[in-house]
Amino acid sequence: MKHIAENLLDWFKNCSRPLPWRKSYNPYHVWISEIMLQQTQMERGVGYFTRWIARFPDVAAVARAEEQEIMKLWEGLGYYARARNLHATAKIVHAEFGGDIPCDTETLLTLPGIGPYTAAAISSIAGNVDIPVVDANVLRVFARLFDIEGNIKSGAVKKDIEQKAWELLPKGKARLYNQALMDLGGLICLPRNPRCNICPVAELCRARRQGTVNERPVKVAVEKKILIEMATGVLNKDGRLFIQQRLADDIWGGLWEFPGGGVEPGESPDEAVVREYREETGFKVTVCSKITTLTHFYTKYKVVLHCYGCRMISDTLQPLQLTAAQQYRWVFPEELSDFGFPAGHRKLLEYLNGSCPEILVDPCSEIVKN
């Protein structure tokens with residue numbers, strides 16, 4: 001088994017990806033990259049990382065930042081609780097550790113948003129601590145290397161792979177070894193069409209010898225997406241648009257949105273907009289235009305978002321009664337870029353800015369009526 005690690009380390013010297021956090025292995029940089037890459041493809045993650053470091057060059061800058069700016073820079077990465085936890089951790093590290101991210105696994109586990117995987121990654125990559133890091137790429141690599149027949153998502157199989165990772169770990173070289181495994185999974189041992197012909201451990205791969213590479217990892221049934229229909233309305237008053245900030249403990253907490261919500265059984269999407277405005281703000285509105293319908297996906301859900309232009313029934317501003325938000329703003333269209341929005345509303349803004357920006361000035365424009 002030791003030859004696996006030796007081959008990987010030799011390959012990594014010449015074929016490693018030139019990732020920005022590998023330039024110095026600054027623990028702060030490694031931490032940010034690991035949090036960002038948990039649900040984001042590498043190429044996209046590098047762009048987010050680069051923008052983040054340009055704005056927040058160190059932990060102190062993150063700790064001093066307002067939450068709204070943190071959420072805005074995180075916009076598009078999803079799982080916004082991670083951004084809030086990152087902000088909270090930066091404040092703790094700035095206050096208690098002098099701004100230096102610790103590389104001790106046990107200490108890292110006490111910080112918000114850092115679990116066993118992230119703690120191991122920071123410890124080994126930034127601090128070269130002897131501990132294996134097992135992510136989705138590594139699970140796939142080991143499933144093929146050892147021709148594992150079980151489901152890699154099951155607890156027993158994961159435990160077996162983690163044990164093998166410990167056994168293969170070359171002492172004093174955890175930083176290079178763990179990254180070599182990750183790069184092997186990201187560049188060579190791909191989910192589809194793995195590049196076995198240039199794999200540095202091909203001769204040691206049991207699945208290759210058994211002809212089962214395309215059957216590993218074992219395929220599991222894909223769950224059907226749950227359909228959710230939602231509706232939202234863009235409301236303009238005297239040239240300003242109404243937006244509200246979601247409650248901190250809500251899904252997408254801290255992000256901004258146009259009021260709206262789920263379409264109830266027996267209700268049309270435009271009726272849902274009128275009801276949601278009444279329930280969430282106390283405003284009495286009428287739908288005057290259909291803007292577009294957007295579809296986006298989350299882990300288990302397919303969300304169809306019906307988007308409308310709205311206007312107040314009365315010219316007099318009605319009393320505001322926020323029930324689903326922590327605060328609100330009336331903003332000019334050009335100010336919307338200062339706020340972070342969840343995926344559906346961000347897509348709506350991209351559609352409006354790209355196809356019909358006049359709707360932001362007048363949501364009831366004749367151009368969108370159908």
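Note: hydrogens, waters and symmetry copies are ignored here, and every other heavy atom, side chains too, is used.
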With clusters defined by side-chain heavy atoms of hydrophobic residues (ILVMFWY) lying less than 4.5 Å apart, directly or transitively, does [Y] cluster with [X]?
X: Val263; Y: Phe258; answer: no
X: Leu352; Y: Val304; answer: no
X: Leu145; Y: Val213; answer: no
X: Val141; Y: Val220; answer: no
X: Leu73; Y: Ile53; answer: yes

| message | Restricting to salt bridge (Lys or Arg N to Asp or Glu O under 4.0 Å), what partner residues turn up for Lys347, sequence neighbours left out? | response | none
Does the side chain of [X] come under 3.5 Å of the side chain of [Y] through a donor N or O and an acceptor N or O?
X: Glu276; Y: Thr281; answer: no
X: Thr212; Y: Asp147; answer: yes
X: Gln326; Y: Arg246; answer: no
X: Glu167; Y: Gln163; answer: yes
X: Gln244; Y: Gln327; answer: no
X: Tyr48; Y: Glu75; answer: no

For a 4.5 angstrom cut-off between non-hydrogen side-chain atoms, does [X] reach [Y]?
X: Thr232; Y: Val273; result: no
X: Thr286; Y: Val274; result: no
X: Lys158; Y: Val134; result: no
X: Arg195; Y: Ile198; result: yes
X: Arg17; Y: Leu187; result: yes
X: Ile35; Y: Gln38; result: yes
X: Arg311; Y: Asn236; result: no
X: Met182; Y: Val133; result: yes

Show me the pairs that pass ring-ring contact (aromatic ring centres under 6.0 Å, His included) and involve [range], at least two apart or across chains.
range: residues 195-227; result: none
range: residues 206-255; result: Phe242-Phe283, Phe242-Tyr328, Phe242-Trp330, Trp252-Tyr298
range: residues 82-138; result: none
range: residues 200-224; result: none

Could you pull out all residues at least two apart from [X] that satisfy side chain to side chain contact (heavy atoms under 4.5 Å, CB included)?
X: Cys199; answer: Leu184, Ile188, Val201, Ala202
X: Ser355; answer: Tyr351
X: Asn214; answer: Pro194
X: Asp270; answer: Ser268, Val287, Tyr308

Do NZ/NE/NH1/NH2 and the carboxylate oxygens of [X] and [Y] come within less than 4.0 Å?
X: Glu267; Y: Arg275; value: yes
X: Glu335; Y: Arg329; value: no
X: Glu203; Y: Arg209; value: no

| note | What one should report as the nearest heavy-atom pair of Val218 and Gly150 is CG2-O, 3.8 Å
| message | Could you report the tightest heavy-atom contact between Ile92 and Pro112, atom names first, then the distance? | response | CD1-CD, 3.7 Å
| said: With side-chain hydrogen bond (donor to acceptor under 3.5 Å, both in side chains) as the rule and sequence neighbours excluded, what pairs involving residues 120-142 come up? | reply: Thr105-Ser123, Ser124-Asn178, Asn137-Arg140
| query | Which pairs count as side-chain hydrogen bond (donor to acceptor under 3.5 Å, both in side chains) when at least one residue sits in residues 218-227, sequence neighbours excluded? | reply | none
Count the heavy atoms of every other residue, nucleotide or ligand shown that sit under 6.0 Å from [atom1] of [X], and state whether that count exceeds 12.
X: Lys153; atom1: NZ; answer: no
X: Asn197; atom1: CG; answer: yes
X: Glu334; atom1: CD; answer: yes

| said: side-chain contact (heavy atoms from CB on, under 4.5 Å) for Thr40 and Tyr79? Distances and angles first, verdict last. | reply: CA-CA 11 Å; Thr40 307; Tyr79 296 88; over 6 Å; no
| Between the main-chain N or O of Ile291 and the side-chain N or O of Ser289, is there a donor-acceptor pair closer than 3.5 Å? | no
| field | Expected output: side-chain Asn353 to main-chain Leu349 donor-acceptor under 3.5 Å | value | yes
| task | Drop me the distance from Arg82's CZ to Leu86's CG, to the nearest 0.5 angstrom. | result | 11.0 Å
| field | salt bridge (Lys or Arg N to Asp or Glu O under 4.0 Å) contacts touching residues 99-118 (sequence neighbours left out) | value | none
| Axial cation check for Phe339 ring with Lys72, 6.0 Å and 45° limits | no
| side-chain contact (heavy atoms from CB on, under 4.5 Å) assessment of Gln245 paired with Leu255 | CA-CA 6 Å; Gln245 186 181 35; Leu255 293 180; over 6 Å; no
| message | Under the ring pair (Phe, Tyr, Trp, His ring centres under 6.0 Å) test against His29, which residue among Trp52, Phe49, Phe56 passes? | response | Phe49
